[in-house]
Structures are given as C-alpha cells and as structure tokens.
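Here is the structure we will look at, set down as structure tokens.
Remember, predicted model here, so these are calculated numbers, not experimental data.
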Amino acid sequence: MVWDVYDYYWERNYTAASEYYRENGNLDVPQDYVNKEGIRLGYWINRLRSLRAGIAKGTPPTPEQVKRLDEIGMIWDRQKRNKWEKAFRAAKEYVDIHGDLCVPIKYVTGDGFALGTWIQRQRQNYKKGKLPEENKKRLDKIGMVWQADTWENRFSLVKQWYQEKGSLKIPQNTVVDGVWIGKWIVMQKKYLEAGKLSQEQEESFLYNTNIGNSEKGG
C-alpha cells in the first residue's frame with residue numbers, strides 16, 4: 001500500500017538519481033534523459049532546480065531532501081557548475097604538466113584563466129565549510145594541497161621520508177600530509193637537470209640529507 005504518492009515517487013526518482021551518480025560520477029543529467037525503467041530523470045532533476053529556485057509551481061524539496069541530493073552531486077546552479085568544471089580541467093592540466101597542484105597565487109593559464117586565485121578560493125571555501133564534498137574529493141584525487149604550500153615544506157617531507165626509509169625510491173602515488181611527494185621528487189630531479197632550481201634549493205636537494213650521493217649510488 002502506498003500511503004503517500006508524492007513520497008513514493010520522490011524516493012523512486014531519488015533511487016534512479018543515485019544509480020545515475022554511481023554510474024557516471026556526477027548528477028549532470030541531460031534534460032531529456034530517460035533511464036531504462038522509463039523514469040524521466042532529466043526532467044525531474046530540472047524541475048527540482050526550478051522548485052527550489054521558486055520559479056515553478058509545486059512543493060519545493062525539503063532541507064533533508066536537498067541534503068540527500070547534495071550527497072550524490074546535485075547541481076543546483078548549472079551555469080556556476082560549468083564554470084567550476086572548466087576551472088577543474090585547468091587544474092588537472094596543470095598537474096599533468098607540473099606534477100603537482102602547488103599553483104602560484106598569480107599563475108594565469110594560457111587562455112587567461114586565473115588558476116592560482118581559483119585554487120586559493122577553493123582552499124578558503126574548504127576552511128569555511130562551503131566546498132561541496134564531491135568537489136573536495138575530485139580535487140583530492142589530483143593532489144590538492146589544502147594549506148598554502150612552499151618548496152621548503154615539500155622538501156622537508158621528502159627529507160623525512162629519506163631519513164626513515166634510507167632511499168628516495170618513492171612510488172609516484174605516495175601522499176604525505178596531502179602532498180604527492182612521489183610526483184614532486186620526480187619533478188625536482190628534472191628541474192635539477194634543467195637548472196631550474198635556485199642555488200639554495202639545489203644545495204638543499206643535493207647535500208642536506210646526502211640525497212645527491214644516494215642518487216648517484218643508486
């Protein structure tokens with residue numbers, strides 16, 4: 001027996017939305033999307049946006065329903081989300097090129113996007129509890145450093161690893177205190193060979209923990 005038709009259909013559609021999220025990793029559902037059970041999920045998602053914004057007649061989602069939808073990546077403001085996705089792609093491209101996400105605050109991409117400022121804003125939103133959990137997880141996967149970082153901080157983590165392990169053979173997916181030290185050390189070796197490190201950084205890298213000698217000795 002179905003005692004509340006509205007709740008029944010809401011839960012049915014929410015289940016369909018959860019399945020879409022598990023399969024696609026997001027809830028960016030095309031408006032004309034219909035799942036294999038015939039549920040017009042795209043229409044339902046779009047209507048929820050309109051109801052919550054007050055631009056459609058009907059019962060808006062409750063705070064509890066909003067929370068449940070947020071947990072599976074609901075996109076309430078599509079335009080704002082599209083901007084975030086574009087910025088995220090720029091961040092991922094930076095990681096592919098530089099090996100980390102330690103972006104200088106003044107860094108601007110080739111097409112004029114202020115990536116350094118955007119990264120700083122994500123950190124601030126995280127500290128204030130305003131960053132959606134889904135966004136945080138995706139940034140974590142590409143090596144986001146949630147506290148402003150420096151070369152010296154990263155070097156100290158590598159130095160600590162060397163002192164504990166006696167080797168700099170660090171798997172590239174190794175993360176310590178939110179820093180991908182495996183990828184970082186690979187990039188520093190390349191920078192060293194290309195003469196891109198400062199004299200102080202080069203001396204620290206080569207001598208402060210006998211790193212230079214350990215590398216030469218294999």
Side-chain angles (χ1 to χ4, degrees), residues 1-96 100-101 103 109 113-115 117-147 173 175 177-180:
M1 182 66 185
V2 178
W3 297 105
D4 190 315
V5 175
Y6 173 79
D7 284 347
Y8 167 77
Y9 281 113
W10 198 94
E11 291 297 338
R12 184 198 67 170
N13 292 347
Y14 177 80
T15 299
S18 298
E19 291 174 354
Y20 185 96
Y21 176 77
R22 284 195 296 271
E23 292 175 2
N24 299 277
N26 62 65
L27 212 56
D28 190 11
V29 187
Q31 188 165 346
D32 59 353
Y33 176 82
V34 179
N35 73 359
K36 58 185 178 181
E37 283 80 28
I39 297 174
R40 298 167 61 197
L41 186 60
Y43 169 81
W44 184 69
I45 290 291
N46 193 59
R47 178 164 171 75
L48 285 175
R49 292 192 187 103
S50 299
L51 288 170
R52 191 184 184 202
I55 57 177
K57 293 182 179 180
T59 304
T62 66
E64 176 62 24
Q65 289 171 340
V66 169
K67 180 181 178 182
R68 290 175 65 190
L69 287 163
D70 285 342
E71 289 173 351
I72 59 172
M74 178 64 175
I75 302 170
W76 296 105
D77 187 333
R78 186 180 291 274
Q79 183 177 6
K80 182 178 180 180
R81 185 64 189 183
N82 288 342
K83 290 181 179 178
W84 195 92
E85 291 293 341
K86 181 179 179 180
F88 179 79
R89 287 195 295 272
K92 191 173 184 305
E93 288 175 3
Y94 185 94
V95 173
D96 292 340
D100 59 37
L101 207 52
V103 186
T109 64
F113 177 65
L115 181 60
T117 301
W118 184 81
I119 290 292
Q120 183 66 17
R121 191 181 308 123
Q122 304 313 297
R123 291 191 182 114
Q124 293 172 351
N125 288 340
Y126 172 64
K127 290 179 182 178
K128 295 177 181 178
K130 295 182 178 181
L131 185 69
E133 183 63 23
E134 175 65 17
N135 292 1
K136 181 183 182 299
K137 288 179 180 178
R138 292 179 66 189
L139 286 166
D140 281 340
K141 286 183 178 179
I142 62 171
M144 179 66 169
V145 178
W146 294 106
Q147 300 214 359
N173 61 351
V175 179
D177 291 348
V179 177
W180 290 29

Item checked: Steps toward side chain to side chain contact (heavy atoms under 4.5 Å, CB included) verdict (Tyr33, Ile45) -> CA-CA 10 Å; Tyr33 176 82; Ile45 290 291; over 6 Å; no
Side-chain heavy-atom pair [X], [Y] within 4.5 angstrom cut-off:
X      : Y      : answer
Val29  : Leu27  : yes
Met144 : Ile119 : yes
Leu101 : Ile142 : yes
Ile75  : Arg49  : yes
Trp76  : Pro61  : yes

Notebook entry, point to check: Does any N or O in the side chain of Tyr20 come within less than 3.5 Å of the main-chain N or O of Thr15, such that one atom is a donor and the other an acceptor?
Noted result: no
Checklist line | Donor-acceptor pair, side chain of Gln65 and main chain of Thr62, under 3.5 angstrom | finding: yes
Next item on the list: Give a yes/no verdict on a cation-pi contact between Arg40 and Tyr43, requiring under 6.0 Å between NZ or CZ and the six-membered ring centre and an angle within 45° of the axis.
Entry: yes
Next item on the list: Tell me, with the steps shown, if Trp44 and Tyr9 meet side chain to side chain contact (heavy atoms under 4.5 Å, CB included).
Entry: CA-CA 10 Å; Trp44 184 69; Tyr9 281 113; over 6 Å; no
Next item on the list: Apply side chain to side chain contact (heavy atoms under 4.5 Å, CB included) to the pair Thr109 and Tyr94, showing each step before the final yes or no.
Entry: CA-CA 9 Å; Thr109 64; Tyr94 185 94; over 6 Å; no
Notebook entry, point to check: Are there more than 12 heavy atoms of other residues, nucleotides or ligands under 6.0 Å from atom CD of Glu71?
Noted result: yes
Notebook entry, point to check: When you look at NZ of Lys92, are more than 12 heavy atoms from neighbouring residues, nucleotides or ligands closer to it than 6.0 Å?
Noted result: no
Check: According to the interplanar angle, ranging from 0 to 90°, do the rings of Trp146 and Tyr126 count as parallel (below 30°), tilted (30 to 60°) or perpendicular (above 60°)?
Finding: tilted
Once rounded to the nearest 0.5 Å, what's the spacing between atom [atom1] of [X] and atom [atom2] of [Y]?
X      : Y      : atom1 : atom2 : answer
Tyr14  : Glu19  : OH    : CD    : 11.5 Å
Lys83  : Phe113 : NZ    : CZ    : 10.5 Å
Gln124 : Lys128 : CD    : NZ    : 5.5 Å
Leu69  : Glu64  : CG    : CD    : 10.0 Å
Asn135 : Asp140 : CG    : CG    : 11.0 Å
Ile72  : Lys67  : CD1   : NZ    : 14.0 Å

Margin query: I'd like to know if the side chain of Arg123 pairs up with that of Gln120 as donor and acceptor (distance under 3.5 Å, no hydrogens or angles considered).
Written below: yes
Check: Can Arg138 and Glu85 be counted as an ion pair, charged N to O under 4.0 angstrom?
Finding: yes
Margin query: The test is side chain to side chain contact (heavy atoms under 4.5 Å, CB included); show your working for Trp10 and Leu48 and say whether it passes.
Written below: CA-CA 10 Å; Trp10 198 94; Leu48 285 175; 4.1 Å; yes
Next item on the list: For Ala16 and Ile39, work out which heavy atoms get closest and say how close.
Entry: CB-CD1, 3.9 Å
